[in-house]
2 protein chains.
Amino acid sequence: MIDVAEAAGVARSTASYVLNGADESIPEVTRQRVLKAAEELGYRVNRIAQHMARRRSGLVGLIIPSIREPFFSSLTATLNELIQDQGLRLVFQVVDFEKGRDASALALQELIEWQVDGMVVHLEHASDLPKFQPLLQGTPTVYFGIDSAMRELGGLPNSYSICIDLYSGTRYAVEKLIDMGHRRFCFVDRMFARNDSRREATIDALRSRGVHSLVTLESDHEEVPQRVEAMMKSGEAPTAFVCLNDIHGLAAFRGIRNAGFSVPEHVSIVSCDTSWIGAYADPSLSGIALPLREAAVEAANLLKLAMSGEETETRSLTIEPQLMLRQSTGPVQC
Amino acid sequence: MIDVAEAAGVARSTASYVLNGADESIPEVTRQRVLKAAEELGYRVNRIAQHMARRRSGLVGLIIPSIREPFFSSLTATLNELIQDQGLRLVFQVVDFEKGRDASALALQELIEWQVDGMVVHLEHASDLPKFQPLLQGTPTVYFGIDSAMRELGGLPNSYSICIDLYSGTRYAVEKLIDMGHRRFCFVDRMFARNDSRREATIDALRSRGVHSLVTLESDHEEVPQRVEAMMKSGEAPTAFVCLNDIHGLAAFRGIRNAGFSVPEHVSIVSCDTSWIGAYADPSLSGIALPLREAAVEAANLLKLAMSGEETETRSLTIEPQLMLRQSTGPVQC
DNA sequence: TTGTATGCGTTATCAT
DNA sequence: ATGATAACGCATACAA
């Protein structure tokens with residue numbers, strides 16, 4: 001830029017004003033001269049230097065447990081669009097909860113070292129909050145998650161939260177299944193799963209309706225088909241499967257078919273996070289659709305609010321998912 | 001850091017040495033004092049300042065057309081792991097080719113403004129190279145793509161390329177279908193598709209074997225089922241579908257079923273980019289599996305090489321995909 | 001071995 | 001309206 005200033009015959013500060021500052025109070029002639037010089041020299045700002053001087057990085061951090069899963073890649077994509085529209089840049093940090101207790105702390109610090117101006121943190125459980133909260137003092141943060149406990153996250157200064165209420169959604173879905181006559185359930189969870197809203201809601205729904213037959217499977221989706229097949233062949237097989245997401249749903253589906261049962265005649269399946277993947281199955285998977293875009297939009301809005309610095313009241317949003325009854329659910333056949 | 005130095009009673013430079021520099025020649029006592037002070041003050045490097053002084057950002061840019069699609073989110077995830085292992089940080093930039101001609105140039109410049117030390121660029125077509133090449137002078141770059149023309153990308157200084165040879169893979173798959181007796185084909189492409197290896201390979205395979213019946217569909221996957229259904233119901237329906245990926249494959253599948261045909265008895269389907277999604281369909285989708293992790297590993301290796309600064313010869317890698325014959329393909333029934 | 005001084009590219013605060 | 005100059009937080013060559 002110093003070169004540009006020289007070439008245009010003006011001071012550095014003038015060039016800076018023209019190129020990146022407020023446009024006020026610079027005569028058109030000078031402007032054009034500077035612009036022309038910049039063009040000719042192929043000048044590009046150095047954002048690192050710029051943000052060092054401005055003392056704001058223009059970075060927004062995103063903490064997620066995975067980016068391969070459709071749910072998170074979709075979230076990342078949408079958030080990225082919205083963040084970019086605000087003239088900021090998204091940097092994501094995948095934090096693997098399985099790799100030690102303080103992996104999350106390290107991940108956060110990496111982002112903090114990059115001086116992020118704001119942060120969106122996916123919270124698997126509201127109870128993880130204490131791990132993050134102390135490290136995020138002074139960083140405008142939006143917490144994002146499906147744990148219904150997040151709804152009571154109010155009262156934190158400079159932090160906002162969004163909850164996709166998967167608890168209610170799942171509970172409603174399971175009750176629907178009970179209404180259809182199902183009495184033996186199986187919950188298909190991921191490997192090393194921690195108890196989340198989906199499982200809790202399933203358990204609560206069954207308990208409240210006096211249904212006591214629930215088997216829980218914890219597997220990577222690759223293992224699910226054979227485990228489900230074995231289960232279906234041995235003794236009192238479940239008639240209803242509640243699955244973590246479409247991947248696990250399809251995997252369970254495969255196991256059920258392999259055991260010689262058909263959906264929805266013998267067995268019903270519900271996915272707790274369904275998308276086009278489940279929609280294209282045959283029969284198509286019933287499930288709970290999460291309004292991801294809506295949630296991302298709200299997250300971006302809250303973040304903007306948080307980053308504006310204006311001390312507004314802490315806000316906690318709840319978004320209701322939608323139950324999609326497609327073809328994989330039906331009344332139990334005697 | 002200046003605080004840390006003061007607290008430890010040493011000079012700033014000493015603190016700097018201990019915290020981030022080479023560990024040589026600093027007495028253990030001093031080291032510990034500095035480390036303790038840093039610990040107590042909760043010191044974190046400011047990477048922006050650090051990289052400004054070092055004149056290297058520690059950033060690697062990734063240019064991709066989407067992050068929502070499984071192929072790219074998976075690529076991003078793997079690349080991110082590998083890049084992070086090298087002590088670098090990945091920043092991605094989604095560039096939507098549909099939004100104007102020079103969107104790609106702008107996207108690149110954004111990353112360049114961030115002073116990325118290296119770049120991984122997904123090239124949809126080798127012919128897009130001229131758009132990027134001039135802007136990437138001086139930035140170690142690895143080009144990544146499925147266009148077979150990329151294999152002849154040699155001769156560029158400081159740039160490397162990796163090609164997943166989808167042309168060969170697709171051509172082989174289509175020839176297999178011809179061997180099975182298929183004579184009427186449909187290629188299911190995305191909306192606003194540009195001609196890519198998959199389509200070219202399909203056309204070439206058919207032509208070389210004297211098969212002249214090919215219909216091409218360009219649609220978002222949401223539209224595919226009804227369009228395929230309509231096609232199946234009218235006149236001479238295709239007996240073989242070659243689909244862009246599993247999403248389009250499943251969508252076509254749905255249309256075929258809706259029209260009252262079954263797979264693979266009446267119709268065969270092949271996906272040009274298959275994954276667990278196709279594997280869990282019923283019948284499971286045959287297709288070409290791209291060794292994404294392998295490709296990402298090679299990309300990371302090449303990038304390391306490129307960024308090492310050592311002037312090695314330009315390298316161009318080709319990776320062969322694998323044909324997975326599952327259940328959606330079979331001989332044509334008369 | 002440790003301290004001093006300077007530079008990195010930009011913005012911002014002043015004078016002019 | 002424009003130009004000089006001091007930060008910004010850290011790394012490093014060089015001096016002590």
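Residue numbers begin at 1 in each chain, while the letters A, B, ... track the order of the sequences. Here the structure is a predicted model, which is why all the values come from computation and not from measurement.
Ring geometry, Phe71(A) versus His122(A): the interplanar angle exceeds 60°, so the pair is classed perpendicular (tilted spans 30 to 60°).
Between Arg44(B) and Glu110(A) there is no salt bridge, since no side-chain nitrogen of the basic residue lies less than 4.0 Å from a carboxylate oxygen of the acidic one. With salt bridges taken as basic N to acidic carboxylate O contacts below 4.0 Å, none links Asp3(A) and Arg12(A). Salt bridge absent: Lys36(B) and Glu39(B) never bring a charged side-chain N and a carboxylate O closer than 4.0 Å. One finds no salt bridge joining Asp117(A) and Arg54(A) here, because no Lys/Arg side-chain nitrogen approaches an Asp/Glu carboxylate oxygen to under 4.0 Å. Using a 4.0 Å cut-off between a side-chain N of Lys or Arg and a carboxylate O of Asp or Glu, Arg293(A) and Glu298(A) do not qualify as a salt bridge. Salt-bridge formation is detected for the pair Glu81(A)/Arg68(B): a Lys NZ or Arg NE/NH1/NH2 atom is positioned less than 4.0 Å from an Asp or Glu carboxylate oxygen.
In this structure, the CD atom of Gln115(B) is 14 Å from the P atom of dC8(C), given to the nearest Å. Nucleotide dC8(D) holds its C1' atom 13 Å from the CG atom of Asn46(A), rounded to whole Å.
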Using a 4.0 Å cut-off on protein heavy atoms (strictly under), produce a 5'-to-3' string for nucleotides 11-16 of chain D with B for base contact, S for backbone-only sugar-phosphate contact, and - for none. BBB---
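Stem list for DNA chain C (at least 3 consecutive Watson-Crick or G-U pairs, distances under 3.5 Å): C:3-16 with D:1-14.
Positionally, the nearest nucleotide of DNA chain C for Ala11(B) lies more toward the 5' end than for the other of Arg55(B) and Ala11(B).
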Does the pair Arg33(B) and Val10(B) meet the rule for a side-chain contact (heavy atoms from CB on, under 4.5 Å), with working shown? CA-CA 9 Å; Arg33(B) 240 197 1 242; Val10(B) 299; 3.5 Å; yes
